[in-house]
Amino acid sequence: MVYLNGEFVPKHNAYVHVMDRGFLFGDGVYEVIPVYSGKIFRLDEHLKRLQNSLHSVQINNPYSTQQWHQILHQLLDYSSTSNQSLYLQISRGADVCRKHSFDTLTPTVFIESNPLTPKTKPELETGYRAISQADFRWQRCDIKSTSLLANIMYAQHAKQHQVEEVILHRDQQITEGATSNVFIVKDDTLFTHPTSEHILSGITRDLVLESARYCQLSIQETAFSLADLLSADEVWLSSSTREIMPIIDVDGHSINHGILGKYWSQVYDYYQDLKHA
Ligand code: PLP
């Protein structure tokens with residue numbers, strides 16, 4: 001079952017109009033929210049970011065926080081899987097003709113949920129590979145927009161190079177991954193790009209910072225270069241579906257001789273506690 005514009009329908013019966021601006025322009029925003037043991041994780045934070053994205057592109061939020069809670073829980077009731085990933089997207093809606101500018105329309109709301117199988121700690125401990133590329137996305141990466149052509153190109157590049165992620169740099173500084181936030185540890189300090197219009201402010205990013213604080217790791221929300229990343233003691237990616245993933249190779253350079261540093265494990269463990277709190 002999926003949710004489409006006020007109804008729960010089988011996915012094969014869920015259709016949107018060809019004049020929907022989500023279809024024509026990618027004119028919409030989205031969220032991906034993990035569900036652990038049937039509980040939606042950090043829902044209010046995701047709904048707040050959704051509201052910020054909607055506000056930035058002048059789409060009215062069709063539902064109150066309470067209505068969102070109700071709809072998402074109703075959708076989860078259709079599934080017995082305890083760990084899931086909720087995908088929700090709101091497009092500006094269908095117009096009568098194709099034009100870039102818009103009038104007020106009725107937004108199209110689509111929500112689906114899929115099983116989520118986070119990698120286990122032993123799986124993560126094997127370490128993952130990434131490559132770097134220039135960040136050629138637009139200047140409003142803080143909006144979780146459904147216009148994802150650049151991200152699609154990066155994802156395909158990663159697939160073709162058989163790596164986990166493409167790490168992006170703009171003006172000599174690492175911004176984030178194509179679908180994740182990026183952290184490095186150097187000399188007992190954790191660095192990550194500050195929140196700005198050049199990154200998506202990840203919900204997991206905040207949780208990594210909270211976990212790192214608990215582990216008494218000092219934190220600097222300061223941009224760093226690709227050279228800093230290559231000479232770091234640890235490199236991590238974070239996202240709602242990847243959680244916190246250690247990277248041991250970037251562009252064929254081993255990070256810390258391919259050996260996982262001591263902080264990842266501590267921060268990962270605390271994050272697991274937060275998930276199940
Ligand atoms: N940055 C980008 C570009 C992303 O696409 C994502 C997740 O999809 C993230 C960061 C991580 O965000 P979150 O932790 O909220 O999943």
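Excluded from the calculations below are hydrogen atoms, water molecules and symmetry mates; all remaining heavy atoms, backbone and side chain alike, are included. Counting starts at 1 for both ligands and their atoms, in listed order.
When side chains are defined from C-beta on, I40 counts as touching H73, because their heavy atoms get closer than 4.5 Å.
The side-chain hydrogen bond (donor to acceptor under 3.5 Å, both in side chains) search around Y78 returns none, not counting sequence neighbours.
Here side chain to side chain donor-acceptor pair (under 3.5 Å) pairs that include residues 177-187, with residues two or more places apart or in two chains, are E165-T179, E165-S180, E176-N181, T179-R242. Listed by first and then second residue, the side chain to side chain donor-acceptor pair (under 3.5 Å) pairs involving residues 114-123 are T120-E123, K121-S265, K121-D269 (not counting sequence neighbours).
Each of Y271, Y270, F183 was scored for a side-chain contact (heavy atoms from CB on, under 4.5 Å) with I244, with one residue passing: Y271.
Here K99 pairs with D95 in a salt bridge; the nearest charged N to carboxylate O distance falls below 4.0 Å.
Listed by chain and residue number, the protein contacts of ligand 1 are R49, R137, K144, E176, G177, A178, T179, S180, N181, L200, G202, I203, T204, S238, S239, S240 (heavy atom within 4.0 angstrom).
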